[in-house]
Amino acid sequence: MSFNIPHYLNLFKTGELHERAVQLESILGNCTLCPRNCKINRKDREIGFCRSGYLPIVSSYCVHHGEEPVLSGKKGSGTIFFSNCNLRCIFCQNHQISQPEKSRRDKEMSFERLADIMIELQSKGCHNINLVSPSHFAAQIVKALEIAVEKGLKIPLVYNTNSYESLYTLKLLNGIIDIYLPDIKYSDNNNSFDYSKAEDYVRCSRAVILEMKRQVGNLILDDNDIAIRGLIVRHLVLPNDIAGSKESLSFLSEEVGRETFLSVMSQYFPTHRANENLLLSRPLNEEEYEKVLNWLDMFGLENGWIQEYSSRDYYRPDFHKDEPFKKINQVAG
Ligand code: SF4
């Protein structure tokens, strides 16, 4: 099987993509799409923890030049930011769209429109379709993907997730997603509950990262150093070791594999409700960040990217603007 052709094209040809779309859509009737297991009927406009109904909601989309170099390349990553979230991170850097003050139901769009956005980004030359916060819209994405493939979509899909995913849903994405881009946010469930309202985050995120690795394997690049398949794990370092970086790096090294591509991020700045919390109310200091970089060496994690310590000075997306990332040059590099 060629790695240059997204596997979802093969699934489309055999009818398997349609089958998966049907299976995923059926979950929405008693929603267990993510570990919240709200069991509400999203097809009947009921709303669960993620505040999202049946139709997809996109806050913004753009050609993004600030992702990891293997995703952005020269032509950019075709990034689609979904509204709402299944976590409640008090420090969320994208809180304007993930935890909006007002309901975003008026922004719901048709599956056809979501497919058209994918096609538009492809026609702009993007290397991939980068689905940001897709977990609570996984079913809707696959339904739209089927339409997009009919219209000619043929670039890899990037699943850019907080890792609070259901294993069952993830298994239905096998062969559909080319590149998994999961966060590893915490290594302590007390912290994941206190700061993101998810008491089982550690177990869930570790299980899904292992499943992602099983599905797509290590990162594969094309001749132009653009990612075509594989796993890239992101880790945002938090002040006062809230992220439990050492334990997460140890897990990645020992259980996912030392060859795993890792993107270590220093861009944290207190935003949203972080200032209400003593431990999160300041940026990361240089000493804390250096310590994490030393652990990378200690655990033999050599592949990937580390942000410069000063990254928080230029990573300030504003989703109230048409171009949220206008001033950014590069997030990771
Ligand atoms: S996707 Fe939303 S409604 Fe479904 S289980 Fe998760 S939080 Fe609940």
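When a residue number appears, it is its place in the shown sequence, counting from 1. Values below: every heavy atom of this structure, side chains too, minus hydrogens, waters and symmetry copies.
No single ILVMFWY cluster, assembled from side-chain heavy atoms under 4.5 Å apart, contains both Y54 and I47. Under the 4.5 Å side-chain heavy-atom criterion for ILVMFWY residues, no single connected hydrophobic cluster contains both L24 and I40. In the hydrophobic clustering of this structure, L181 groups with W305; members are Ile, Leu, Val, Met, Phe, Trp, Tyr whose side-chain heavy atoms approach within less than 4.5 Å, directly or through other members. Under the 4.5 Å side-chain heavy-atom criterion for ILVMFWY residues, a single connected hydrophobic cluster contains both I80 and L153. By the rule that hydrophobic residues join a cluster once side-chain heavy atoms approach within less than 4.5 Å of another member, L279 and F193 end up as members of separate clusters.
With a 4.5 Å cut-off on side-chain heavy atoms, R282 and N240 count as touching. You'll find the side chain of N294 stays beyond 4.5 Å of the side chain of M298, heavy atoms only. Within the 4.5 Å cutoff, no side-chain heavy atoms of E290 are placed close to those of E287. No side-chain heavy atom of Q96 sits less than 4.5 Å from a side-chain heavy atom of S60. At a threshold of 4.5 Å between non-hydrogen side-chain atoms, the residues N162 and N86 count as touching. Side-chain contact check for P182 versus R234: every heavy-atom pair is 4.5 Å or farther apart. Residues N128 and Q122 form no side-chain contact, since every pair of their non-hydrogen atoms from C-beta on lies 4.5 Å or further apart. Side-chain atoms of M265 and V237, non-hydrogen and from C-beta on, never get closer than 4.5 Å to each other.
For R214, the side-chain hydrogen bond (donor to acceptor under 3.5 Å, both in side chains) test picks out E211, with sequence neighbours left out. Under the side chain to side chain contact (heavy atoms under 4.5 Å, CB included) criterion, V216 pairs with Y180, R229, L231, not counting sequence neighbours. Annotation: side chain to side chain contact (heavy atoms under 4.5 Å, CB included) contacts of A227 (sequence neighbours excluded): V70, L71, I179, L219, L221. Remark: T260 pairs with no residue by the side-chain hydrogen bond (donor to acceptor under 3.5 Å, both in side chains) rule, at least two apart or across chains. Here N191 pairs with nothing under the side-chain hydrogen bond (donor to acceptor under 3.5 Å, both in side chains) rule; sequence neighbours left out. Remark: Y289 pairs with no residue by the side-chain hydrogen bond (donor to acceptor under 3.5 Å, both in side chains) rule, at least two apart or across chains. Annotation: ring pair (Phe, Tyr, Trp, His ring centres under 6.0 Å) contacts of Y186 (sequence neighbours excluded): Y201. Not counting sequence neighbours, the partners of F82 by the ring pair (Phe, Tyr, Trp, His ring centres under 6.0 Å) test are F137. The side chain to side chain contact (heavy atoms under 4.5 Å, CB included) test applied to N303 returns E259, F261, not counting sequence neighbours. Residues satisfying the side chain to side chain contact (heavy atoms under 4.5 Å, CB included) test with A274, not counting sequence neighbours, are F91, Y268, P270, L280.
A distance of 14.0 Å separates SG in C85 from NZ in K197, rounded to the nearest 0.5 Å. In this structure, CD1 on I90 lies 8.0 Å from OG on S196, to the nearest 0.5 angstrom. Distance check, rounded to the nearest 0.5 Å: CD1 of I209 to SG of C204 gives 11.0 Å. Taking CG of L210 as the start and CD of Q215 as the end, the distance is 12.0 Å to the nearest 0.5 Å. In this structure, the separation between CD1 on I57 and CG on L114 is 11.5 Å, given to the nearest 0.5 Å. The structure places OG of S110 at 12.5 Å from CD of Q140, a figure rounded to the nearest 0.5 Å.
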Apply side-chain contact (heavy atoms from CB on, under 4.5 Å) to the pair L145 and L17, showing each step before the final yes or no. CA-CA 9 Å; L145 176 66; L17 187 63; 4.0 Å; yes
Working for side-chain contact (heavy atoms from CB on, under 4.5 Å), residues E120 and Y61: CA-CA 10 Å; E120 182 185 331; Y61 64 97; 3.0 Å; yes
Working for side-chain contact (heavy atoms from CB on, under 4.5 Å), residues S245 and H235: CA-CA 8 Å; S245 301; H235 179 64; 2.8 Å; yes
As a quick check of understanding, evaluate side-chain hydrogen bond (donor to acceptor under 3.5 Å, both in side chains) for N84 and S52, giving each step before the final call. CA-CA 7 Å; N84 303 331; S52 306; 3.1 Å; yes
Please evaluate residues M109 and V58 with respect to the criterion side-chain contact (heavy atoms from CB on, under 4.5 Å), reporting the C-alpha separation (whole Å), side-chain torsions for both, the decisive distance (0.1 Å), and the verdict. CA-CA 8 Å; M109 62 174 57; V58 170; 3.6 Å; yes
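Residues V202 and S187 approach most closely at CG2-C, 3.5 Å, considering heavy atoms. Closest approach of Y8 to L157, counting heavy atoms only: CE2-CG, 3.8 Å. Heavy-atom minimum distance, A115 versus A144: CB-O, 3.5 Å. Closest approach of D178 and P156 over heavy atoms only: OD2-CA, 3.2 Å. Heavy-atom minimum distance, C126 versus V63: SG-CG2, 3.8 Å. When all heavy atoms of S135 and T161 are compared, the closest pair comes out as OG-OG1, 3.4 Å.
Checking each of L173, I177, I176, L131 against I141 for a side-chain contact (heavy atoms from CB on, under 4.5 Å) leaves exactly one that passes, namely L131.
A salt bridge (charged side-chain N to carboxylate O under 4.0 Å, His left out) check over residues 70-99, counting only residues at least two apart or in different chains, returns nothing. Among residues at least two apart or in separate chains, salt bridge (charged side-chain N to carboxylate O under 4.0 Å, His left out) pairs with a member in residues 142-171 are E25-K143, E112-K151, D116-K151.
With 3.5 Å as the limit, one finds no donor-acceptor pair spanning the side chains of S72 and S77. With hydrogens and angles left out, the side-chain atoms of N130 and N160 include a donor and acceptor closer than 3.5 Å. Of the N and O atoms on the side chains of D200 and Y164, at least one donor lies less than 3.5 Å from an acceptor on the other residue.
At least one test fails for R258 against the ring of F299: distance under 6.0 Å to the centre or angle within 45° of the axis.
Between E16 and R20 there is a salt bridge, since at least one side-chain N of the basic residue sits less than 4.0 Å from a carboxylate O of the acidic one.
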